[in-house]
Peer 1: 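Okay, handing you the structure first.
Quick note on labels: first sequence line is chain A, next is B, and so on, each numbered from 1. Values reported hereafter were calculated over all heavy atoms of this structure, with side chains retained and with hydrogens, waters and symmetry mates removed.
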Protein chains: 2
Amino acid sequence: MKKAKTAPAAPDPDGPRRRRSGNRREELMDRAAELIAAKGFDGASMRDIAAAVGMLPGSLYYHFPSKEDLLREIHGRVVSGMAARVEQALEGVESPWGRLEAAAEAHLAGLFETGSLVAIVSPDFPKGHEDLNEELRRQRRDYEQTFRDLFEALPLAPEADRTLLRLELFGALNWTPVWYRDGGRYDPRRIATVYVETIRRAYGTG
Amino acid sequence: MKKAKTAPAAPDPDGPRRRRSGNRREELMDRAAELIAAKGFDGASMRDIAAAVGMLPGSLYYHFPSKEDLLREIHGRVVSGMAARVEQALEGVESPWGRLEAAAEAHLAGLFETGSLVAIVSPDFPKGHEDLNEELRRQRRDYEQTFRDLFEALPLAPEADRTLLRLELFGALNWTPVWYRDGGRYDPRRIATVYVETIRRAYGTG
DNA sequence: GATTGCACCAAACAATCGTTTGTTCAAAAC
DNA sequence: GTTTTGAACAAACGATTGTTTGGTGCAATC
């Protein structure tokens, strides 16, 4: 027989202290993401990250087997978040150009909100971690497929190169964190609108 | 009297051993630039650089007072080199669109030839070196003035935002090293042509 | 022929890096 | 009530980092 207090016959999958885990791990990833976005992967040391969550350096290795794996998961979560954000922005939008613009704006907003982590990590990562770099690229490739599809749906003049136009837009968007300043002349929506409008005026039919 | 071999009565401003200096310093900067472009600023250690030129780590400090200063000079030289390259590409080209296209192609070629050092260093450099970052940005600002002028000369529709269009083109160009592969479908000239042509078709008048 | 000074070597410096190991301690499971 | 386990601490590990210091050979100068 069991007392009411000890009652955990069922695995208690979401008890009063949230199954005692996952909680802290997510906070850890959030803080680490901020630091890596701000100071770069090499710039943010495990000691910095540990201090930011109020732990000791070694304790991080209970949650993640290595610094590379930490980045792997953070990068994956950020990319997934951006994918979800874009997906949501596309909901209910019908016209091909409207969809591309919505996606571009969502992408840009996601970049800024995450401290441009993806854009920062992307370019400078043939360091010594070539295998890691490859996985990060794979994570991004899935995300970029959405944009491939969006460009496929555009009504364009026959001489337009959809691939190159997509790379042009994507590059322009991903470079914005380099010059963008919060509260400046341009906001994310304006930037996305103008960039997409350029392509539309150049090659759009209809 | 002097033997023919020892002959340096005149200051010998460009003698057989090139004034004994400058020589090696330039080689040092070249090798360092390659390494930094390939592995990033943090990724390329002073020992790596020293080994690449066949010296010992400490010997580098005879030529440069610190690693930051080394990067400062390398970055400056790379930017100057790109400016010169663009300047030369503009020689004799009269039409505004032709000039922009020539500049874009030269910029892209310069990016690839230097291992994209500028594009690599640019985005990820709010690390701990905020003052250094500021100087690098200043070096680039002078260079970018050329593009500002080029855009100012373009015959554009009145609703066009020259600043934003320049940032769009510049971003698209600077992002190419992320996806570009030598021997792939696209070469620098094609990329530059298409990117500029997009803007021209969108907002060009005349 | 003696002296100067450039360009480098040789060897270490303290600091910081990612990581490992052993221990602790409260909460959960039995 | 005992055992197990999740989650962290405490303290160090070897390696690598940028940098400094003192010495040294050799070419150029007087």
Peer 1: Quick check: does any side chain N or O of A:R200 sit under 3.5 Å from a backbone N or O of A:W97, one acting as donor and the other as acceptor?
Peer 2: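 No, the answer is negative, given that no donor and acceptor are paired below the 3.5 Å cut-off.
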
Peer 1: List the residues meeting salt bridge (charged side-chain N to carboxylate O under 4.0 Å, His left out) with A:E197, not counting sequence neighbours, and say none if there are none.
Peer 2: none

Peer 1: Is a salt bridge present between B:R72 and B:D69, judged by a nitrogen-to-oxygen distance below 4.0 Å?
Peer 2: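 Looking at B:R72 and B:D69, the cut-off is met.
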
Peer 1: Determine which pairs satisfy side-chain hydrogen bond (donor to acceptor under 3.5 Å, both in side chains) with at least one residue from residues 83-96 of chain A, sequence neighbours left out, and list them in order.
Peer 2: A:R85-A:E113

Peer 1: Once you round it to whole Å, what is the distance between C1' of C:dG22 and CG of A:L56?
Peer 2: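 A:L56 atom CG is separated from C:dG22 atom C1' by 14 Å.
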
Peer 1: May I ask you to verify if any side-chain N or O of B:R24 is less than 4.0 angstrom from the OP1 or OP2 atom of C:dC8?
Peer 2: yes

Peer 1: Tell me whether the OP1 or OP2 atom of D:dA7 has a side-chain N or O from A:Y62 closer than 4.0 Å.
Peer 2: yes

Peer 1: In whole angstroms, how far is the C1' atom of C:dC6 from the CZ atom of B:R25?
Peer 2: 14 Å

Peer 1: Reading nucleotides 17-24 of chain D 5' to 3', which nucleotides get B (base under 4.0 Å from a protein heavy atom), which S (sugar-phosphate only), which -?
Peer 2: BBBB----

Peer 1: Looking at A:F151, is its backbone amide N or carbonyl O close enough to the side chain of A:R166 to form a donor-acceptor pair, meaning the two atoms are under 3.5 Å apart?
Peer 2: no

Peer 1: Which whole-number value in Å describes the distance from B:M55 CE to C:dC6 C1'?
Peer 2: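 Spelled out: CE on B:M55 to C1' on C:dC6 is 13 Å.
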
Peer 1: Report yes if a side-chain nitrogen or oxygen of B:H63 is closer than 4.0 Å to either non-bridging phosphate oxygen (OP1 or OP2) of C:dC8; otherwise report no.
Peer 2: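 Checking B:H63 against C:dC8: at least one side-chain N or O falls below 4.0 Å of OP1 or OP2.
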
Peer 1: In this structure, which one of B:H75, B:E134, B:R77 forms a side chain to side chain donor-acceptor pair (under 3.5 Å) with B:Q139?
Peer 2: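 Checked B:H75, B:E134, B:R77 against B:Q139; only one passes side chain to side chain donor-acceptor pair (under 3.5 Å): B:H75.
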
